Amino acid sequence: MASAGRTASDEGLRSGGRLTSGGRLTSGAAVRGGGGPLLLGVRHHGPGSARAVRAALEAEKPAAVLVEGPAEADALVTLAGDPDMRPPVALLAHAVDDPGRAAFWPMASFSPEWVAIRWALDRGAAVRFIDLPATHTLAASDPTWSDGDDGEEGFAGGGARIDPIAELAGAAGATGAAERWWEDVVELCGADDDADPTAPFEALAEAMGALREAHGHGGHPRDLVREAYMRIQLRAARKEFGDSVAVVCGAWHVPALTRKTTVAADRALLKGLPKVKAELTWVPWTHRRLARRSGYGAGIDAPGWYEHLFAAPDRPVERWMTKVARLLRAEDHPVSSAHVIEAVRLARNLAALRGRPAPGLDETTDAVRAVLCEGSDVPLDLVRDRLVVGDVLGEVPAGAPAVPLQRDLARRRRSLRLKPEATERTLELDLRKGMDGERSRLLHRLRLLGVGWGEPASGRAGTGTFRETWRLRWEPEQHVQVAEAGVWGTTVEAAATARARSRAEAATALADITALAEQCLLAGLSGALPVVMRSLADRAALDTDVSHLAEALPALARSLRYGDVRGTDTGALAEVAAGLAERICVGLPPACAGLDTDAATAMRGRIDEVHQAIGLLPDAAGPADRWAGVLRRLADRDRVPGVLRGRAARLLLDEGRIADGEAALLMSRALSPGTPPPDAAAWIDGFVGGASGGGLLLVHDERLLGLVDDWLTGVPAGAFTDVLPLLRRTFSTYEPGVRRTLGELVARGPGAGGPGHSAPGVPGFAATLDRERADAVLPLLHLVLGTEVTA
């Protein structure tokens, strides 16, 4: 703080007796000295401030309560008294023509503004919001401004910004963190029945007056405009209710509200402000979101702890330790009553040693770590996540204003029994069941609209089966996403259909359109499919790049499989997929000739994907036979890079298109002495590298292992260092057990079951297939897959 500011603060706070030597707020003159409105300067989301506001209102009983918040929220204030309204909640304002332009005003149960609103509603007092209307706030260059009294970043523009709490802590002579000082003088102070309930506000107003005198707007120039509007609203309230008016606002603004200005001067500051059409509503908020420093008001690190302080003013430490013990016991940590008693004692002793009026979060955390968690940070992290921050999600009544899309989504959620939750949870869906299928379609439609409530996750079954796994978590920002998506339609299905059509018409890449077609099938958007399919056919007809076609086919094949599970008509999609497969078969061999190392590696991945996709196409016998011919040409062509020839040979072997002896012949040709070692190593990488189970192939086919071993031992010393990195990359992808088994087989040598051993058949396996035993597993397989047994 500048020297003038420190002097003013010292004289204003200490000589008046409003701060003791320890810095605690004590009794003083009434805040409305000489008559006038009751000005209650607070810190947003502070339990101590909230208790003090309640006590002051009970003592003064004003006829009207003015609260810092967007003026348009007056029409919504009665909803705060609805029995179905449960904080934390937030006022959400968004521009009608640009819903993504939004701002929030969050309130928790321990927010002074919320306490003031509920007090007024319970006692029949009038409630007004007096801050700058959202129509101006949202028109600004950055509507996500915050209040100066919280030490947060303010509106864009202005000079250096001060942290009022840090300045006050320094003026009071406090050492260490400013947050600790504020907690000591306000949040941890219990109520005193004999004290003047307005005295703390008088002391804080005097301190803020000294700061404003020294620093002006403190780097928050927009506050001057906001405060001018607040003064105009305060004058109007005094004309209606006289001096029986209480104002609950950030303490930083109190000196500005008592400043002697004219109506004309205040209106001049408001003249010419930009405007947008805005809509407001209440939305649920979360404690976890309160802990983030963004948007309006203070971001607090410990909302769960602050809620506890507000709800349990008597014996808060004992009650907190009991909560922690209950949580740890539920997670199978051994915690006894003796642990709780000792933790309370340690927290109090730490507070005394540190000169604090009562144990704060630091002291209770240290005591929990030392006693209840036995020095481990692992259970302590659980306490921080579940209790210090918390997973509380607020609720708003069904009658709160909302865009039509939000109302339709709420109806769909209720009918499908999907409740928004602040904690992440896993949802397993069986697409053969009616309700699970509807849930899947809703979640896929929301993803297409950009509403990230659910994200697909790997579950018990792979992609393309009748099961889906989702991770669900509702965040307050998703209300804005729903508002943005409302421009596409009034229902989730209509909006997702319109969004899909727009994306199909705007897409230029073939892979993007095929992915969109897959999304439409997953979301059950039959109304969008004709437009998507028309765009897909047009792009596919014009695209001649085989790589693009290969990237597009897998999504189509997955879509066909999902369509079968959901009972969707995919006839048109099957025709396009068959056409793509045909064009890939024609264009792939020439496209693979003469590729460099990087391009060949990328092409190998596309060949693998196309191979899997063709196996999923309906009536796969024709495409599969054509594809096998393509792979055979790739395996035989010398101009094709070794990694692609090796991969083609491996795919043919896996499909039974070539016998083991033919695979050995291809390998021996690729590993012949005349082949450069780097080319031979690339062939091996294609044949047994990657996540293709090549290691198990070598374990069970010792003849192929012998060919690899013979080639490797015959590589000249000068060339060995060139092929070693590629070989290490190939064999490093194997499981440790596979590598160990291969090493044992190589160590045995020929004639001992090692490389080159040519015993008939594989140990443990018959020479031919026993079809009767193989068919015995079919009934169980049909039961697991949910398919019907055909004769």
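Given the structure is predicted, the values throughout are model-derived calculations rather than measurements. The first residue in the sequence is number 1, and the count goes up from there.
- Between the Arg473 side chain and the Glu455 main chain, no donor and acceptor come within less than 3.5 Å of each other.
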>> Set out, in order, the CA-CA distance, both residues' side-chain angles and the distance that settles salt bridge (Lys or Arg N to Asp or Glu O under 4.0 Å) for Glu331 and Arg326, then state yes or no.
In response: CA-CA 9 Å; Glu331 297 296 328; Arg326 186 180 299 115; over 6 Å; no

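- Between Glu318 and Arg345 there is no salt bridge, since no side-chain N of the basic residue sits under 4.0 Å from a carboxylate O of the acidic one.
- Because its NZ or CZ atom is not both nearer than 6.0 Å to the ring centre of Trp305 and within 45° of the ring axis, Arg384 does not count as a cation-pi partner of that residue.
- Under the 4.5 Å side-chain criterion, counting only non-hydrogen atoms from C-beta, Phe201 is in contact with Val53.
- With hydrogens and angles ignored, the 3.5 Å screen pairs no side-chain donor or acceptor of Asp430 with any backbone N or O of Arg467.
- Figure legend: cation-pi geometry between Arg54 and Trp119 absent, as NZ or CZ is not positioned both under 6.0 Å from the six-membered ring centre and within 45° of its axis.
- By the 4.0 Å N-to-carboxylate-O rule, Glu68 lies close enough to Arg226 to be salt-bridged with it.
- Between Glu363 and Arg356 there is a salt bridge, since at least one side-chain N of the basic residue sits less than 4.0 Å from a carboxylate O of the acidic one.
- A donor-acceptor distance shorter than 3.5 angstrom exists from the side chain of Thr281 to the backbone of Pro401, with no hydrogens or angles considered.
- A salt bridge between Asp366 and Arg354 is present, with a side-chain N of the basic residue lying under 4.0 Å from a carboxylate O of the acidic one.
- Counting heavy atoms from C-beta on, the side chains of Val65 and Val247 never come closer than 4.5 Å.
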>> What verdict does the side-chain contact (heavy atoms from CB on, under 4.5 Å) test give for Thr469 and Leu427, after you've listed the backbone C-alpha separation in whole Å, the side-chain angles of each residue and the deciding distance to 0.1 Å?
In response: CA-CA 6 Å; Thr469 303; Leu427 179 66; over 6 Å; no

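- Under a cut-off of 6.0 angstrom, the local environment of CZ in Arg425 is crowded, with over 12 non-hydrogen atoms contributed by other residues, nucleotides or ligands.
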> Would Glu468 and Trp470 satisfy side-chain hydrogen bond (donor to acceptor under 3.5 Å, both in side chains), going step by step from the backbone distance to the final call?
Replying inline: CA-CA 7 Å; Glu468 278 186 351; Trp470 291 82; 3.0 Å; yes

> How far apart are the C-alpha atoms of Asp314 and Arg319, what are their side-chain angles, what is the distance that settles it, and do they pass the side-chain contact (heavy atoms from CB on, under 4.5 Å) test?
Replying inline: CA-CA 9 Å; Asp314 62 312; Arg319 297 179 186 273; 2.9 Å; yes

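- When atom types are taken as modelled, the side chain of Gln481 and the backbone of Gly452 share a donor-acceptor pair closer than 3.5 angstrom.
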> Between Leu442 and Leu418, is a side-chain contact (heavy atoms from CB on, under 4.5 Å) present by the stated rule, with each step listed?
Replying inline: CA-CA 10 Å; Leu442 175 63; Leu418 288 174; 4.2 Å; yes

>> Could you go through Arg412 and Glu438, starting from their C-alpha distance and side-chain angles, then the distance that decides it, and tell me whether this counts as salt bridge (Lys or Arg N to Asp or Glu O under 4.0 Å)?
In response: CA-CA 9 Å; Arg412 295 292 297 154; Glu438 289 296 323; 3.1 Å; yes

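- In summary, Arg369 and Glu374 do not engage in a salt bridge, as defined by a charged side-chain N under 4.0 Å from a carboxylate O.
- Judged by distance alone, with hydrogens and angles left aside, the side-chain atoms of Asp436 form no donor-acceptor pair with the main-chain N or O of Leu429 at under 3.5 Å.
- Side-chain atoms of Arg329 come within 3.5 Å of backbone N or O of Val335 as a donor-acceptor pair.
- Between the side chain of Arg288 and the backbone N or O of Glu475 there is no donor-acceptor pair closer than 3.5 Å.
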>> Is there a side-chain contact (heavy atoms from CB on, under 4.5 Å) between His308 and Leu361? Walk through the geometry before answering.
In response: CA-CA 11 Å; His308 172 77; Leu361 181 59; over 6 Å; no

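- Remark: the backbone N or O of Trp114 is not paired with any side-chain donor or acceptor of Ser111 at under 3.5 angstrom.
- A donor-acceptor pair under 3.5 Å is formed between the side chain of Arg439 and the backbone N or O of Leu416.
- Panel note: side chain Arg86, backbone Leu393; a donor-acceptor pair is recorded below 3.5 Å.
- Lys61 NZ: more than 12 foreign heavy atoms inside a 6.0 Å radius.
- Under the 6.0 Å cut-off for aromatic ring centres, Trp285 and Phe104 qualify, their centroids lying closer than that.
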